[in-house]
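Along the sequence shown, the residues carry numbers beginning at 1. All ligand and atom numbering here is 1-based and tracks the order in the structure. Heavy-atom basis, side chains included; hydrogens, waters and symmetry copies ignored.
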Amino acid sequence: MAETKLVHSPLLTYASMLTLLSFTPPFVILMWYTNVHADGSILKTFNYLRENGLQGLINIWPKPTAIAGKLIICYALFEAALQLLLPGKRVEGPISPTGHRPVYKANGMQAYAVTLITYISLWWFGIFNPAIVYDHLGEIFSTLIFGSLIFCFFLYIKGHVAPSSTDSGSSGNIIVDFYWGMELYPRIGKHFDIKVFTNCRFGMMSWAVLAVTYCIKQHEEYGRVSDSMLVNTILMLVYVTKFFWWEAGYWNTMDIAHDRAGFYICWGCLVWVPSIYTSPGMYLVKQPVNLGLQLALYILVAGLLCIYINYDCDRQRQEFRRTNGKCTVWGKTPSKIVATYTTTSGEKKTSLLLTSGWWGLARHFHYVPEILAAFFWSVPALFNHFIPYFYVVFLIILLFDRAKRDDDRCKAKYGKYWKLYCEKVPYRIIPGIY
Ligand code: NDP
């Protein structure tokens, strides 16, 4: 059984775990309340809480309702059915520290297309009005908050009594196990991969579904869709389309190949992604901004460019690994480090580290266009309120922390070869600065 290792010091780990476990659920509700009922003003929400205290928070916290439950269950079952039934190429994930290699069916792009076509058709033909989702958003988030906590308990119990593979284990501490998870690749049966469902088909898919929902709701409310909303929706949809286009690549990333299925990843994808990642669009529904054609186009083009560069960084790394370094990077033979490492089962393996192209600029340069893209789909809200920028600020913190976690993990994995990479590419994220 593999053991869970703490990346930060135990004190910092426990403090951040307990803080996130207790503050993220009310935060989701306050984000919804501020955008939908407080004109996007944090000050209004703050004053309300100051006057009414904890009881005020309890008063605005919507109760989980039957309609919210039905909407979530229909959506989840639909996505689970698409994940299981749609055809797709057989794809192998990266080999795990215990030598296990997960196998997937790559049908994300098909599921994404079917989901959006179905959702928009239901609206177009008058069968289901997506504005209902917006009108019950608070109840939906509340139901998701509690439902996903129960789901994380299920993951915790499953990790103890029925792990799906050898990539599972306990740290010996119940909070750590619940927070970071027990299993790396939990499955129901042989084929239903739980992390593909929570991270991709529920979480990332909900981002696109809610982006469309916000657009339709604004249209219903004002009889038109503002240019700011259009730029925001197009950029978020292009970003999510890019994600599903590259979904099999995502299965090689930290979220899937290193972070176990627990509160951090699964609750995050089931609740935090639909509520916080979509928040700039949620804000714009009731606070439309008219940018004018020229400004709207500038923002759109800048956002598209950032999404493309972020995609190209991921593509470059994967192409390099897939071809074993026998590819060109920016028109040249790539420079690389041949790194050896030992798996926990004692096997010696070799891996290649790319040291040119985007990966020669900084060790995590791909986070720069990721953050800028988020800025460009938030900036259509202009600068009346801070709340549309919350996601960008959160993303900066998340990715700077992630870069450190990844560097520490790679240092432990590759030892002197990682040191060599750090000497060749000294900056962690921003070339010349950090
Ligand atoms: P990746 O997992 O894709 O990349 C890091 C891994 O790549 C390392 O763990 C290492 O794994 C390998 N690696 C590191 N350096 C090199 C190198 N020079 N050459 C070859 N391989 C290398 O990173 P992320 O999961 O963080 O990001 C993937 C995508 O997801 C990005 O586009 C990112 O912007 C996006 N993202 C978005 C988030 C959001 O919330 N919006 C959050 C996180 C990521 P190995 O063990 O295989 O060597």
Side-chain angles (χ1 to χ4, degrees), residues 7 93-97 101 199-200 203-204 207 236 239-240 242-259 264-265 268-269 272-274 276-279 306-325 327 329 334-343 349-375 377-378 391-415 417-418 420-422 424-425 427-429:
V7 178
I95 196 148
S96 75
R101 198 186 274 284
N199 297 26
C200 309
M204 291 302 290
W207 192 347
M236 294 208 297
Y239 180 85
V240 182
K242 177 217 81 162
F243 174 85
F244 281 106
W245 177 258
W246 162 87
E247 190 195 42
Y250 173 70
W251 298 334
N252 293 304
T253 69
M254 274 177 79
D255 285 4
I256 300 288
H258 307 300
D259 288 339
Y264 179 78
I265 273 288
C269 289
W272 198 251
V273 171
I276 306 300
Y277 284 39
T278 70
S279 58
C306 290
I307 297 173
Y308 171 75
I309 294 174
N310 173 256
Y311 163 79
D312 200 50
C313 295
D314 291 331
R315 186 203 59 75
Q316 205 171 63
R317 180 175 83 81
Q318 265 152 29
E319 184 68 3
F320 167 77
R321 280 270 172 97
R322 192 183 61 76
T323 58
N324 227 348
C327 59
V329 168
S335 78
K336 58 178 187 274
I337 293 169
V338 182
T340 54
Y341 65 96
T342 314
T343 66
K349 300 245 173 226
T350 302
S351 194
L352 297 184
L353 296 172
L354 175 61
T355 59
S356 59
W358 300 115
W359 296 81
L361 297 182
R363 300 193 296 280
H364 302 275
F365 177 77
H366 56 325
Y367 293 158
V368 174
E370 172 88 33
I371 291 166
L372 286 176
F375 172 78
W377 67 61
S378 307
Y391 172 66
V392 185
V393 174
F394 157 77
L395 191 65
I396 292 172
I397 297 168
L398 176 88
L399 294 181
F400 275 64
D401 174 66
R402 193 181 173 92
K404 183 189 174 330
R405 289 202 298 129
D406 193 46
D407 270 9
D408 289 350
R409 196 192 62 78
C410 289
K411 195 156 95 190
K413 179 176 176 182
Y414 295 119
Y417 301 104
W418 190 257
L420 195 63
Y421 180 35
C422 293
K424 270 188 134 179
V425 183
Y427 293 102
R428 192 176 265 166
I429 298 179

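- Under the rule for a side chain to side chain donor-acceptor pair (under 3.5 Å), Trp207 has no partner lying at least two apart in sequence or in another chain.
- Ligand 1 lies under 4.0 Å from heavy atoms of Tyr239, Trp246, Thr253, Met254, Tyr277, Asn310, Asp314, Arg317, Arg321, Leu352, Leu353, Leu354, Trp359, His366, Tyr367, Glu370, Tyr391, Leu395, Leu398, Leu399, Arg402, Asp406, Arg409, Cys410, Lys413, Tyr414, Trp418, Tyr421.
- Contact annotation: the side chain of Tyr277 approaches that of Phe394 to within less than 4.5 Å [non-hydrogen atoms, C-beta and beyond].
- The existence of a salt bridge linking Asp255 and Arg402 is confirmed by a sub-4.0 Å separation between a basic side-chain nitrogen and an acidic carboxylate oxygen.
- One finds no salt bridge joining Asp401 and Lys404 here, because no Lys/Arg side-chain nitrogen approaches an Asp/Glu carboxylate oxygen to under 4.0 Å.
- When all heavy atoms are compared, the tightest approach of Leu354 to Phe320 is N-CE2, 3.4 Å.
- Side-chain contact between Arg321 and Asn252 is absent, with no heavy-atom pair separated by less than 4.5 Å.
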